[in-house]
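I have placed the structure first, in the form of structure tokens, so that the comments after it can refer back to it.
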Amino acid sequence: MGWCRPMRNNRTSQLTLLALLTALSLALGFVNIPTPTGFLTLLDTGIFFTALYLGSRSGAVVGGLSAFLLDYLLGYPQYMIFSLLAHGLQGYFAGWTGARRYIGVVLASLAMVGIYILAALILGFGWGAALAGIWGNLCQNLLGLLLGAIFYRAFNKAFPRKGGS
């Protein structure tokens with residue numbers, strides 16, 4: 001009856017949770033909201049939720065992996081490394097707690113937007129494309145933060161973290 005015993009290994013539990021949150025964030029990335037300049041995804045919602053609920057390390061892992069895999073699955077391999085860095089840093093900064101939380105949220109957005117500006121320039125799309133992407137990336141960040149914070153508050157009320165913020 002070993003298969004029905006609960007997991008006792010904390011590391012295994014943590015990896016399982018991160019895998020599930022990565023898969024959830026990845027699935028949210030397939031939700032497209034049309035805008036006049038393209039579309040927004042809900043990928044950032046999962047990243048912000050994870051970072052707010054579990055902290056910087058978990059936010060970085062889920063953010064980087066889910067964005068990396070989303071680019072691969074959508075056929076944008078040229079962006080995979082940039083997305084790994086952009087959303088990994090986004091999750092890391094968003095996971096800051098206490099008095100640094102607001103600074104972390106601002107840095108999360110700046111890191112994501114800034115890395116995608118660099119990506120457009122490095123990939124040879126030029127300043128026009130780099131600047132045109134700013135508004136969409138900021139909107140996606142704001143939407144992800146808003147929804148991620150709503151889910152975090154609801155989830156934290158139902159399942160409060162010990163010693164969490």
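Side-chain atoms are counted along with the backbone in the values below, which use heavy atoms only and exclude waters and symmetry mates.
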H87 and I115, any side-chain heavy atoms less than 4.5 Å apart: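 Side chain of I115 against side chain of H87, heavy atoms only: no contact under 4.5 Å found.
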Residues forming a side-chain hydrogen bond (donor to acceptor under 3.5 Å, both in side chains) with S83, sequence neighbours excluded: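 Result, side-chain hydrogen bond (donor to acceptor under 3.5 Å, both in side chains) vs S83: D71, Y116.
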Set of residues satisfying side-chain hydrogen bond (donor to acceptor under 3.5 Å, both in side chains) with respect to Q14, sequence neighbours excluded: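 Q14: side-chain hydrogen bond (donor to acceptor under 3.5 Å, both in side chains) contacts with S58.
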In one Ile/Leu/Val/Met/Phe/Trp/Tyr side-chain cluster, 4.5 Å: L121, I134: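 As far as the 4.5 Å side-chain criterion goes, I134 and L121 are connected within one cluster.
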Residue among L54, T12, T50 satisfying side-chain contact (heavy atoms from CB on, under 4.5 Å) with L17: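 Of L54, T12, T50, side-chain contact (heavy atoms from CB on, under 4.5 Å) with L17 is met by L54 alone.
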Side-chain hydrophobic cluster, 4.5 Å single linkage: members besides I150: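 So far as hydrophobic clustering goes, I150 is joined with L146.
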Pairs touching residues 32-65 that satisfy ring pair (Phe, Tyr, Trp, His ring centres under 6.0 Å), sequence neighbours left out: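 Output for this query lists F49-Y53, F49-F155, Y53-F155.
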Listed partners of [X] passing side chain to side chain contact (heavy atoms under 4.5 Å, CB included), at least two apart:
X   : answer
L20 : T16
L70 : L26, F30, L43, L74
L28 : L24, L42, T45
Y92 : S56, A60, W96

Nearest atoms (heavy-atom pairs only) where S25 meets V62: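 Where S25 meets V62 most closely, the heavy atoms are OG-CG1, 3.5 Å.
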Sequence neighbours excluded, every pair satisfying side-chain hydrogen bond (donor to acceptor under 3.5 Å, both in side chains) that has a member inside residues 122-139: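 Matches after skipping sequence neighbours: none remain.
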